[in-house]
Number of protein chains: 2
Amino acid sequence: MITLLIADDHPLYRDALRGALSSSLTDIHLLEAADLAATVETLEHNDVDLLLLDLHMPGSQDLFGLLHIRKLFPDVPVAVVSGTEDPLIISKIVGVGALGFIPKTASSSDIADAVSAILDGDVWLPEAFDGKIEEVDEEFSKLADQVASLTPSQYKVLCYMRDGLLNKQIGYNLDIAEATVKAHVTAIFKKLGINNRTQAVLIASQLELEPPAAIH
Amino acid sequence: MITLLIADDHPLYRDALRGALSSSLTDIHLLEAADLAATVETLEHNDVDLLLLDLHMPGSQDLFGLLHIRKLFPDVPVAVVSGTEDPLIISKIVGVGALGFIPKTASSSDIADAVSAILDGDVWLPEAFDGKIEEVDEEFSKLADQVASLTPSQYKVLCYMRDGLLNKQIGYNLDIAEATVKAHVTAIFKKLGINNRTQAVLIASQLELEPPAAIH
DNA sequence: TCGAAAGTAAGACTTTAGTCTAATAGACGA
DNA sequence: TCGTCTATTAGACTAAAGTCTTACTTTCGA
């Protein structure tokens, strides 16, 4: 019996994935989550053999979400499901520890192949990207490691920093005192090897796959 | 008699462009510049009919450089010469006012075609990108307009801000007092419709085509 | 040619960022 | 089970960011 967790915010696409998986694979147990918090909670309470993760979930913050999950559950294999076709982005996804990349346009049999391969311990990528996936540069994987070493609170603070919020506003959003926010900020700086918030924002935006939405 | 300005930091590529242009076109006068400052100075002192601009010149800051030139010399047609093949980036280049995009891999005849077309007032793009160039979204072109409205000093300050420098360090680099830097910073915020430096850095990094180099 | 508008520059002041010290609570290995 | 390590929290303090006001200069159109 194999347990799979489908993490995607679109109910229709979850249905499609569920259909593709249950018709191609036997003896599987399917779980679902619609946002990052639900994904984390499900992983905490279940023994999941493979996570199928959509990067564009609410609260996920793209690559941050993947880093977050990889840090909290390093033993859970992750296959990223996304609509992007950019080899550079896929390189980054693989570079931070995803064992596979499944395009949203993949067929049922491709998806089943990918899941089987990853469960066997292999890395699976669409054939179209053979040879197009580069090693991510050392700089990037070092940054990714450093960001992954952040605690959940620090991670949330960094997300809010990247949105241009003041410490006071971050504290209000997280329901903690401004002084606590500052302590997190200082800890983030030390872990990332920097000394001001501008540099932190640059690192955060480098790890972001999509340009930030509107400036508030 | 048509005056062309070749702005590229690689002497060899300038030679190649010069060769391609002088063998394909008659009655042309060729000027050259190796960095953004020299480009600006040449445009100030000459009546240039077309600028062939490499985005990766020293001091150019990629899209910033193009915005800068477009703002200072809105009447000079610009064709961007670059090695990138990413349709999204090319869309942005065209979206901020370039009349053409010439890949570094283009043949002599392609280059001559492009130059002729742009001098006739047309927009020229490589055939490979037909249909792949999207309209840039309203948000982006609004930001580009706002950034283009910055004065040269404000532009330099924003560049240094994006590199994570303190106001004091920016003042030292530009040889002005910290108080002056602050005045520029406040003016930048007003023009961009924001109220802190984090948001300014985000906008600047969105307009950057390449990820920032190392974090200092 | 003269005044209006805008870029540049800077001092004084308020707000926010960031550091240092320290206390509490939970996790983990000996 | 005990001690150690670390995350989290927070107060007090210093450094930097950001605002307001003012002044000098250049440019441009009436």
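Here is the naming used below: chain letters follow the sequence lines, and residue numbers restart at 1 for every chain. All figures in this text were calculated on a predicted structure; none of them were measured in a lab. When reading the values below, keep in mind they use all heavy atoms of this one structure, side chains included, and skip hydrogens, waters and symmetry mates.
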**Request:** Considering non-hydrogen atoms only, spot the tightest contact between B/P103 and B/Y13 and give its length.
**Result:** O-OH, 4.2 Å
**Prompt:** Are B/K142 and B/D145 close enough for a salt bridge, meaning some N to O gap below 4.0 Å?
**Reply:** no
**Per-nucleotide protein contact string for nucleotides 8-19 of chain D (B base, S sugar-phosphate only, - none; heavy atom under 4.0 Å)** = SBSB----SBBB
**Item:** Partner set under side-chain contact (heavy atoms from CB on, under 4.5 Å) for B/L5, not counting sequence neighbours
**Value:** B/L31, B/A33, B/T39, B/T42, B/L43, B/V48, B/L51
**Prompt:** What heavy-atom pair brings B/G100 and B/I118 nearest, and what distance separates the two atoms?
**Reply:** CA-CD1, 3.8 Å
**Taking every non-hydrogen atom, the tightest pair across A/L202 and B/S205** = CD2-CB, 4.1 Å
**Message:** Would you say that more than 12 heavy atoms from the other residues, nucleotides or ligands in this model lie under 6.0 Å from the CG of B/D120, or not?
**Reply:** yes
**Asked** Of all residues at least two apart in sequence or in a different chain, which pass the side-chain contact (heavy atoms from CB on, under 4.5 Å) check with B/A117?
**Response** B/D122, B/W124
**Request:** Look at all strands and tell whether B/K191 reaches a base, only sugar-phosphate, or nothing, counting heavy atoms closer than 4.0 Å.
**Result:** sugar-phosphate
**Fill in**
Terminal axes of the helix from C/dT1-D/dA30 to C/dA30-D/dT1 (5 end pairs apiece), angle rounded to 10 degrees, sit apart by 30°
Between the protein and nucleotides 21-27 of chain D, list every N/O to N/O distance that falls short of 3.5 Å.
none

**Request:** Please name all residues satisfying side-chain contact (heavy atoms from CB on, under 4.5 Å) with A/N167, sequence neighbours left out, ordered by chain then number.
**Result:** A/I170, A/E178, A/V181, A/K182, A/V185, A/R197
**Request:** To the nearest Å, give me how far apart NZ (A/K190) and C1' (D/dT6) are.
**Result:** 13 Å
**Asked** Looking at A/K156 and A/L174, what are the two nearest heavy atoms and their distance?
**Response** CD-CD2, 3.9 Å
**Item:** B/R14/B/D54 ion pair, N-O < 4.0 Å
**Value:** no
